[in-house]
Amino acid sequence: MQIQRTQVAIIGGGPAGLLLGQLLHKAGIEAILIERQSPDYVLSRIRAGVLEQVSMDLLDEAGVGARMHREGLVHGGFDMLFKGERHRIDMQALTGGQQVMVYGQTEVTRDLMDARQAAGLPTIYDAANVTVHDFDTDRPRVRYETTGPNGTEQHEIACDFIAGCDGFHGVCRASVPRSAIREYEKVYPFGWLGVLADTPPVHHELIYVNSPRGFALCSQRSHTRSRYYLQVPLTDKVENWSDEAFWDELRLRLDPAARAQLVTGPSIEKSIAPLRSFVTEPMRFGRMFLAGDAAHIVPPTGAKGLNLAASDVKYLSGAFIEFYRDKTAAGIDAYSERCLRRVWRAERFSWWFTSLMHRFPDNGEIGQKLQEAELDYIVHSEAGSRSVAENYVGLPLNFGE
Ligand code: FAS
Ligand code: PHB
């Protein structure tokens, strides 16, 4: 058994783990990052696309924001399409100037990986059988295996803290005794079929569609790369969808102007993601802290998943910095409550926006009519539009304080 020692053991090399590692490094705090997949596999996952100002600021603070500012697309609004008509939500005007950045999670992850590698920070990829131990004591440990020329090798990391950034299917939350944790979950009766294509976006901003045929979203990654989503039944399989079938169904859910602008092409990625609302309470267990998807999941309608991971990491990195620099546990003790206040607000908006924009099998015809009536109110009410806008750009970190 090879024994290593560090201050923080970060489990998971997605955006949460990488961002935490970068912020701790800049504060002089040692961390070892353990990821079960390869770097290429982590980068191959196509996920989020929209960053709130809080996330942009954090990437700048981590020293990895340059390419985002160079290549990202700043958006001041988005369209809502229903009953064949598009209405723009002018976020910038409704929120006193706030905007969002369209910059894919893949690029965020790549920027963070490059920075970690450039700094020569200890990162274990392809770690197998990762387990966490004694996190209810002040001497937590992480164990994992690697396979090399000498066969399988056992490793152990002794640390002060474990950061569980290992996503929804990770080992950290699963290792907490059931009596010490509460999980809240809502699974939606549909999924999102996503397509990535090297085609110019159909519009310069995003279009969220409520159609009697189901939800659709027209998003983008650059001026030459588009990202589209269609609501599909949970029983659907990605192999049932040819590119042509996808484009035909998307056309049926768009308005004539967008249909005329749509440029189709071969998909370079195509997948179906399930939708759920999920929250773990608390998010701290002794010396182990959950951050990002390890602790919570939102339906992607509100573009909150990646942004919640970033705000968790902001609180957690601050708590660790206070512990080591100021010798106080105040931030650590407040971590879970501070995160959960923001998490539940984002969960509420994501659930509400999902409920408004998707077809629910049990809602019947009146369900569509009631959704259209609510959409009609929102786009014609400054108060209604401002409520959507201020939640979409991200509520301030001190909201309600
Ligand atoms: P991640 O899941 O990204 O990263 C966790 C990492 O931990 C992974 O690399 C995993 O390999 C690793 N890991 C797991 N178990 C481990 C173990 N035992 N040991 C070591 N490592 C382990 N959000 C949006 O805002 N918009 C979207 O459109 C959107 N689409 C999504 C589509 C899908 C299919 C999924 C799953 C999520 C989507 N999300 C979206 C949310 C997504 O962007 C997450 O919020 C974001 O990836 C959160 O980052 P992390 O918390 O780092 O979790
Ligand atoms: C994306 O571009 O992947 C995206 C954008 C906005 C969302 C969800 C996904 O609400």
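Remember, it's 1-based here, ligands and their atoms both numbered in the order they're listed.
- Of all the heavy atoms of Ala303, the ones lying under 4.0 Å from any atom of ligand 2 are found in both the backbone and the side chain.
- In this structure, Arg276 and Lys186 have side chains that are not in contact, with every pair of non-hydrogen atoms separated by 4.5 Å or more.
- At least one heavy atom of Trp192 sits under 4.0 Å from some atom of ligand 2.
- At the top of the distance list for atom 23 (N) of ligand 1, counting protein heavy atoms only, stands Ala48 CB, 3.5 Å.
- Scanning the protein for heavy atoms near atom 8 (C) of ligand 2, the closest one is Pro300 O, 3.3 Å.
- Ligand 1 is never approached by Ala127 to a heavy-atom distance shorter than 4.0 Å.
- With contacts defined as side-chain heavy-atom distances shorter than 4.5 Å, the pair Val130/Val142 qualifies.
- For the pair Arg287 and Phe161, the distance from NZ or CZ to the six-membered ring centre is under 6.0 Å and the angle to the ring normal is within 45 degrees.
- Contact annotation: Tyr229 has at least one heavy atom less than 4.0 Å from an atom of ligand 1.
- Residue Arg47 places a heavy atom less than 4.0 Å from ligand 2.
- Those atoms of ligand 1 that come under 4.0 Å of a heavy atom in Gln105, given as number and element, are 3 (O), 42 (C), 43 (O), 46 (C), 47 (O).
- The side chain of Val130, and not its backbone, has at least one atom closer than 4.0 Å to an atom of ligand 1 (non-hydrogen atoms only; side chain from C-beta on).
- Contacts of Asp293 with ligand 1, taken as heavy-atom pairs under 4.0 Å, involve both backbone and side chain.
- Under the 6.0 Å cut-off for aromatic ring centres, Trp344 and Tyr184 qualify, their centroids lying closer than that.
- Ion pair Glu52/Lys304 flagged as a salt bridge, since at least one NZ, NE, NH1 or NH2 atom sits closer than 4.0 Å to an Asp/Glu carboxylate oxygen.
- Only side-chain heavy atoms of Leu217 come within less than 4.0 Å of ligand 2; its backbone N, CA, C and O stay farther off.
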